[in-house]
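Reading through the structure tokens given below for one structure.
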Amino acid sequence: EGRDLNHDEL
Amino acid sequence: MNMFRFLGDMTHLFSVLVLLLKIHTIKSCAGISLKTQELYAIVFATRYLDLFTDYISLYNTVMKLVYLGSSLSIVWYMRRHKLVRRSYDKDQDTFRHHFLILPCLILALLINEKFTFMEVMWAFSLYLEAVAILPQLVLLQRTRNIDNLTGQYVFLLGAYRSFYILNWIYRYFTEVHYVHWITWISGLVQTLLYGDFFYYYFHSWKNNEKLQLPA
């Protein structure tokens, strides 16, 4: 179950 | 990565590291809420589950590990270190922080970007982070004073929040499809809680008084 929403913030 | 985001990450990093280094050096955690620190450890642990599934950048991975490691170390110091533990204001730090967790979890189950385990945990961590400072604010109100340690800590956290909001505004106008309502709204709530604190902090500083929050 990978992350397809781009959560590139911390 | 824009400058606001970078400065936000750095002030966030410094807030945690300054706290950890001071606790380590002076062997005291007086004025620091263990409840808030435990909530932050939960926030990082639930938000960074993607450490195992997704790779974004070396920067992201290293920062996540540092946030996780330093927040867990702070909790360890406050609970287990025999000298630090003694300085903890246990009787004053009475906020029932467990009662924040369940509502945040329910909210995350109801409002998330996608109904998957990772996304629900991500939303949960954002909601919990928004309110995680409450035990610390209650402790400040109880002890009615603010020393350099807690002052710098909350100031750095406030700077982190402000830079992140500038980052979101910047990204909204410079990137296509950059819309994260959950992050924005919970981030705004969190910043308003800090704003409330800052108001009284500066007021007391201006009048050269000890900090006194309204009961």
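Throughout, protein chains are lettered first and strands after them, A, B, ... in sequence-line order, and every chain is numbered starting at 1.
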Side-chain heavy-atom pair A/H7, B/E113 within 4.5 angstrom cut-off: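 Yes, close enough: below the 4.5 Å cut-off.
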Report yes if some heavy atom in the side chain of A/L10 is under 4.5 Å from a heavy atom in the side chain of B/Y59; otherwise report no.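 The answer is yes; the side chains approach within 4.5 Å.
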Can you tell me which portion of [X] sits under 4.5 Å from chain A's heavy atoms? Options are side chain, backbone, both or neither.
X: B/H177; value: neither
X: B/Y164; value: side chain
X: B/F44; value: neither

Flag if over 12 foreign heavy atoms under 6.0 Å of CE, B/M3: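 Atom CE in B/M3 is not crowded, with 12 or fewer foreign heavy atoms closer than 6.0 Å.
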What do you reckon, is OH of B/Y55 surrounded by more than 12 foreign heavy atoms closer than 6.0 Å?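 Enclosed.
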Identify which one of B/R171, B/R47, B/H180 satisfies the side-chain hydrogen bond (donor to acceptor under 3.5 Å, both in side chains) criterion when paired with A/E9.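 For A/E9, the side-chain hydrogen bond (donor to acceptor under 3.5 Å, both in side chains) test succeeds with only one of B/R171, B/R47, B/H180, which is B/R171.
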Counting distance only, does the side-chain N/O of B/N60 pair as donor-acceptor with the main-chain N or O of A/D8 below 3.5 Å?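 Present.
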